[in-house]
Amino acid sequence: MNEPAFRFDDVRVTPDRQIGLNSHPQWELSLVVCGSGWRTVGDRTEPSTAGEVILIPPGVAHVWNFDPAVTDSDGCVANITVFFEQSLLDGLARLMPELTERLSRLTVLDQALAYTGARRRTITGLLYAMRGKRADERAPLMMRLLVELADTQAGHSVGAGRMLTRAARRMERVRTFCACNYGREVRLDEVAAYVGMNKSAFCTFVKRQSGMTFSAYLNEQRLNRAVECLRMTDDSIAHIAYSVGFANVTYFNRVFRARYGCSPRELRSHSKSEQ
């Protein structure tokens, strides 16, 4: 079976589940449906807002860091993303010479673009139209989308290329593992194996990359999630502590205060007073 030429993702997640810094060999088009914060693409970090449409060429490292206070009513952010292969552009140009000149504007692109004005509205409309459809039904919309994207003059640069180093890719695997498993007991040997290292080398690697032990790094991810739960839910402190992976509420309170300078209850009270 042939690999698909493009993939459509319609994602709604809590801010801590958003994918971290990454790069890949596909083109990526992203529409932020709900959420705001900061966006890093290549060599540039800028504010990010709902409604932005960003096209990222292959190999450019990027990440969206969303503000956990700016979400929908369920505490989630949302984005629509389309990934497509360079082979799709090359194949269309061969099959339809009428598109060769237009598509070549994309092929030579070496920087990420943010589309504006009427072009952004058209691209946004096509992305919304692709929702809920089968892959074959999206195909003609994808062709129209590529034609719109090829008007590169309708966009402005938001960052130039930078491939992730091997160490950065490996550290991203650590972050992904923690984001998916923070709610349970995590053994050092299993995360080391997931990253492809022995325990000793893994501990040295995480310390060098993050400036903290793996245990401290994992607790940092757990505390970030706990803060979101305190702000977004009325769950008890004990329930939140257990749900984010702490086996002892007293220890959770102690680690929380050391990190934020206040107790979980005090942070919740302060957050509610600001609403």
Nearest heavy-atom neighbours spanning [X] and [Y]:
| X | Y | result |
| --- | --- | --- |
| L55 | L149 | CD1-CD1, 4.3 Å |
| V32 | T49 | CB-O, 3.8 Å |
| P68 | P15 | CA-CG, 3.8 Å |
| R105 | T152 | O-CG2, 4.0 Å |
| I240 | R268 | CD1-NH2, 3.5 Å |

Just so I know, are the side chains of [X] and [Y] near enough to count as touching, which here means a heavy-atom distance under 4.5 Å?
| X | Y | value |
| --- | --- | --- |
| F6 | Q26 | no |
| H239 | T233 | no |
| F177 | V195 | no |
| F252 | L223 | yes |
| F205 | M171 | yes |
| F84 | R7 | no |
| E137 | M130 | no |
| L127 | L141 | no |

Open item on the list: Please say yes or no: joined through hydrophobic side-chain contacts below 4.5 Å, possibly via intermediate residues, are I56 and L109 part of one cluster?
Closed with: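 No, no single cluster joins them.
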
Task: Qualifying residue for salt bridge (Lys or Arg N to Asp or Glu O under 4.0 Å) with D10, from K133, R138, R131 - done: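 Of all the options given, the one that passes is R131.
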
Open item on the list: The test is salt bridge (charged side-chain N to carboxylate O under 4.0 Å, His left out); show your working for R184 and E190 and say whether it passes.
Closed with: CA-CA 13 Å; R184 64 175 180 86; E190 64 173 327; 3.0 Å; yes

Task: Atom CZ of R144: over 12 foreign heavy atoms under 6.0 Å - done: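 No, not enclosed.
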
Open item on the list: If you count every heavy atom of other residues, nucleotides or ligands that lies below 6.0 Å from I19 atom CD1, does the total exceed 12?
Closed with: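 Open.
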
Whether the [X] and [Y] side chains hold a donor-acceptor pair (N or O, under 3.5 Å, no angle test) is what I'd like checked.
| X | Y | value |
| --- | --- | --- |
| E266 | H270 | no |
| S157 | Q111 | yes |
| N79 | T81 | yes |
| W38 | E46 | no |
| Q86 | D90 | yes |

Would you call [X] and [Y] a salt bridge, using N to O less than 4.0 angstrom?
| X | Y | result |
| --- | --- | --- |
| K199 | D189 | no |
| R39 | E52 | yes |
| E228 | R231 | no |
| R12 | D74 | yes |

Open item on the list: The criterion is ring-ring contact (aromatic ring centres under 6.0 Å, His included); which residues satisfy it with Y115, sequence neighbours excluded?
Closed with: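 Per chain and number, Y115 pairs via ring-ring contact (aromatic ring centres under 6.0 Å, His included) with no residue.
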
Task: Other cluster members, V249 - Ile/Leu/Val/Met/Phe/Trp/Tyr, side-chain contacts below 4.5 Å - done: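 Its cluster mates, by chain and number, are Y242.
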
Task: Geometric cation-pi criterion R173 and Y194, 6.0 Å radius, 45° cone - done: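 R173 over Y194 ring: yes.
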
TODO: Give the ring-plane orientation class for F256 versus Y260, where under 30° counts as parallel, over 60° as perpendicular and anything between as tilted.
DONE: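 It falls in the tilted class, 30° to 60°.
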
